[in-house]
Protein chains: 2
Amino acid sequence: MTTSRRAKPETVTIRDIAARADVSPITVSRALRGSEVVRPETREHIARIARELGYIPNFAAGMLTSKVSSMIAVIVPNMANSIFATTLQEIGEGVGEDGYQLLIGCSDYSLEREEELVRTFLSRQTDAIVLTGHLHTPATEKMLRQSRVPVVEMWSLSGAPLGVSIGVNNYDAAVTATEHLISRGRRRIAYIGGDPSGNDRAQARIQGYRDTLEKAGLDFDPALLRTGSFEFDTGAEAVSFFVEEGLDVDAIFAASDIIALGVILELNRRRIAMPEKIAVCGFDDARIAQMVQPALTTIKFPRREIGQRVAEALLAMLSGRAPPQKTCDIGYSLIVRETT
Amino acid sequence: MTTSRRAKPETVTIRDIAARADVSPITVSRALRGSEVVRPETREHIARIARELGYIPNFAAGMLTSKVSSMIAVIVPNMANSIFATTLQEIGEGVGEDGYQLLIGCSDYSLEREEELVRTFLSRQTDAIVLTGHLHTPATEKMLRQSRVPVVEMWSLSGAPLGVSIGVNNYDAAVTATEHLISRGRRRIAYIGGDPSGNDRAQARIQGYRDTLEKAGLDFDPALLRTGSFEFDTGAEAVSFFVEEGLDVDAIFAASDIIALGVILELNRRRIAMPEKIAVCGFDDARIAQMVQPALTTIKFPRREIGQRVAEALLAMLSGRAPPQKTCDIGYSLIVRETT
DNA sequence: TTGAAAGCGATACCAC
DNA sequence: GTGGTATCGCTTTCAA
């Protein structure tokens with residue numbers, strides 16, 4: 001090598017290419033970005049040299065001047081849960097075609113963690129930020145407002161979104177599920193769900209459940225409301241609790257299919273018949289809902305559609321167009337199977 | 001506001017803080033990074049002003065000089081599949097504590113796509129890159145070598161890794177699965193798996209299956225080897241094919257639990273008894289393996305451990321320490337349930 | 001303990 | 001069409 005540069009000799013810059021092509025760096029910059037203004041032959045010549053040299057552009061440098069990172073941040077509570085993973089994949093595919101990369105953060109259902117993540121994502125100059133839910137710390141909202149970065153809140157619907165809100169009315173969905181159980185003649189309906197603190201989806205579902213009971217003239221029994229992690233065990237443990245405490249329960253609304261799965265397996269283990277003794281309704285319509293025995297009645301949560309709409313909205317906002325609408329209600333549906 | 005800066009007036013820089021604190025920008029830089037060299041009072045003073053001003057550091061600028069992005073790229077074939085999602089989450093948690101952010105890319109099982117992703121990740125100056133498998137395009141390998149970025153290849157084991165290899169011997173695992181089926185007295189053993197092109201895991205599993213048949217003196221029947229997508233349908237369709245073609249099959253080795261699930265459901269639908277008529281062995285030990293009826297015998301693939309080890313290795317390499325070992329075999333195990 | 005100067009690599013803006 | 005110049009915001013290096 002006969003380069004006369006200092007420092008890391010491996011790093012090829014547009015300067016090196018410029019020297020070899022006998023043009024100025026700025027021409028290289030233009031050529032590499034496919035600017036129409038550069039003569040085609042020059043462009044090809046430069047492209048060839050770049051390839052020969054194994055040139056790899058430095059995004060950080062570009063970001064500094066152009067102010068665009070081509071990165072989009074998405075914060076989900078958890079990504080091992082396939083429900084969020086599906087949406088992430090969908091968003092990634094949607095925006096990937098336009099050259100955007102996803103920066104994914106897990107909040108672990110903590111608003112403080114979300115705040116931290118927003119801070120670092122803003123530092124990284126992401127071009128947009130997608131949040132799960134519309135409940136955030138004041139600091140998070142302040143940062144987001146100040147930064148003027150396009151924001152999408154997904155999953156639940158917000159009346160006053162920071163930017164755009166795309167999701168489902170979780171309250172209504174819970175009402176539908178609870179009404180369905182009531183329509184099956186159930187009167188002692190339990191609720192098992194994830195911890196509602198800092199989680200607007202969980203809060204809305206609980207509220208929908210309680211309001212529906214009340215409207216039907218059924219008593220709300222606090223002992224029948226169980227919350228915990230969004231895991232399998234929460235469902236199994238709640239069932240054990242009901243049985244061991246001798247609480248008579250004739251239906252269970254599990255606010256996630258994973259939890260419902262725990263419920264079903266524990267009921268199976270105890271040989272408690274579904275839906276005869278206890279009816280079960282889940283939430284999400286995860287793949288396992290149709291797999292378990294008996295197959296789970298559940299609310300179909302449009303995780304794929306949400307991802308698609310989020311991607312659309314992002315691309316619209318990022319290209320300066322107005323997003324289709326401030327608030328986009330994707331809708332849900334009740335899938336009746338064997339457990340009710 | 002009485003700032004005298006041009007351009008975007010919202011952007012607060014260390015210069016602004018310096019002006020307010022009556023120190024030089026470099027002192028602010030040091031203070032904000034918690035350098036011990038700055039007097040504690042000055043440090044606190046600066047921190048307070050930064051907070052007041054809503055200062056958000058610009059990573060791009062830092063990256064340009066310091067050459068570290070605190071980002072780690074991970075390329076997986078697919079992230080909606082919970083098997084990869086779990087590993088991603090584990091890696092994210094492991095490196096997150098040290099301030100690293102994950103940049104996740106999906107290759108969709110395409111080596112060309114992987115190459116593209118590696119190129120953009122290198123552009124983004126990721127501090128390390130994690131790949132799934134050890135099969136890559138020549139261009140990918142060349143870029144990675146030239147860049148001198150720490151590389152981890154996970155999932156399968158490689159004799160000559162680009163950097164560090166952490167995973168499972170897929171060949172051996174397939175041998176174990178096939179031998180298990182043979183030990184159950186099966187002689188017409190089918191293989192259903194994902195497309196092996198560009199996928200060393202799939203290739204190794206097929207090879208293990210074929211070699212084991214041969215060793216046992218069983219004929220390899222090409223009609224019993226079915227490949228397709230890593231989806232549910234592949235399993236169901238293969239079963240239909242076997243039945244409709246009248247091929248007598250007494251065991252099925254499905255190289256992924258999702259595929260095995262399709263197999264089980266289709267067999268159930270056709271009222272073909274497991275394991276009496278057909279024994280089934282899966283691969284992964286996904287959560288559904290113990291949920292389906294009958295419960296699925298499968299190879300437990302240590303997705304969580306892989307994530308943890310990958311994170312450890314990354315942190316070691318990134319802090320200049322040598323990783324524990326070039327090649328790390330995590331091991332697998334056979335979980336016998338009801339389908340065999 | 002603090003600061004001045006010199007970039008990092010690429011791009012925007014304005015000449016030519 | 002092409003090039004010079006001035007940043008972008010921060011950190012490294014060397015002095016004080």
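Order of the sequence lines fixes the chain letters, A, B, ..., with proteins taken first and strands second; residue numbering starts at 1 for each chain. Heavy-atom basis, side chains included; hydrogens, waters and symmetry copies ignored.
Rounded to a whole Å, the CD1 atom of B/Ile26 is 17 Å from the P atom of D/dA16. If you measure from atom CD of B/Glu41 to atom C1' of C/dT2, you get 14 Å, rounded to the nearest angstrom. Rounded to whole Å, the distance from CG on A/Leu32 to P on C/dG9 is 15 Å. The CD1-P distance, from B/Ile14 to C/dG3, rounds to 12 Å in whole Å. Counting to the nearest Å, the C1' atom of C/dT2 and the CD1 atom of B/Ile17 are 17 Å from each other. Regarding A/Met63, its CE atom lies at a distance of 12 Å from the P atom of D/dC10, rounded to whole Å. If you take CD of B/Gln125 and P of D/dC10, they are 18 Å apart, rounded to a whole angstrom. One atom, CG of B/Asn58, and another, C1' of C/dG9, lie 14 Å apart when rounded to the nearest Å.
Taking 4.5 Å as the limit, some side-chain heavy atom of B/Tyr55 sits within range of a side-chain heavy atom of B/Ile14. With contacts defined as side-chain heavy-atom distances shorter than 4.5 Å, the pair A/Thr87/A/Trp155 qualifies. Looking only at side-chain heavy atoms (C-beta outward), A/Phe59 and A/Ser70 come within less than 4.5 Å of each other.
For B/Ser29 and D/dT11, the shortest distance from a side-chain N or O to OP1 or OP2 is below 4.0 Å. Between A/Tyr55 and C/dG9, a side-chain N or O to OP1/OP2 separation shorter than 4.0 Å is absent. Taking side-chain N and O atoms only, A/Thr65 has no distance below 4.0 Å to OP1 or OP2 of C/dA12. For the pair A/Arg15 and C/dA10, the criterion of a side-chain N or O lying under 4.0 Å from OP1 or OP2 is not met. Distances shown here put a side-chain N or O of A/Lys67 below 4.0 Å from the OP1 or OP2 atom of D/dG9. Checking the phosphate oxygens (OP1, OP2) of C/dG3, a side-chain nitrogen or oxygen of B/Ser24 falls inside 4.0 Å. Contact check, A/Arg33 against C/dA12: a side-chain N or O comes under 4.0 Å of OP1 or OP2. In terms of phosphate contacts, B/Thr42 brings a side-chain nitrogen or oxygen within less than 4.0 Å of OP1 or OP2 of C/dT2.
For the pair B/Thr27 and A/Ile56, nearest-nucleotide mapping onto DNA chain C gives the more 5' position to B/Thr27. Mapping B/Pro25 and B/Leu64 onto DNA chain C by nearest heavy atom places B/Pro25 at the nucleotide closer to the 5' end.
Among the heavy atoms of the strands lying under 4.0 Å from B/Arg30 is at least one base atom, whether or not backbone atoms are also near. Residue-level contact check: B/Val37 touches the bases, meaning some heavy atom is under 4.0 Å from a base atom. Across all strands, B/Pro57 comes closer than 4.0 Å only to sugar-phosphate atoms, never to a base (heavy-atom distances).
Expressed to the nearest 0.5 Å, how far CZ of B/Arg124 lies from CE of A/Met63 amounts to 7.5 Å. Note that CG of B/Leu122 and CD1 of A/Ile56 are 4.0 Å apart. Values are rounded to the nearest 0.5 Å.
Looking at B/Glu116 and B/Arg119, no side-chain N of the basic residue comes within less than 4.0 Å of a carboxylate O on the acidic one, giving no salt bridge.
With C/dT2, D/dT2, C/dG9 as the choices, the nucleotide that has an atom nearest any side-chain atom of B/Arg39 turns out to be C/dT2. You'll find that the side chain of A/Val23 is closest to D/dG3, out of C/dG9, D/dG3, D/dT11.
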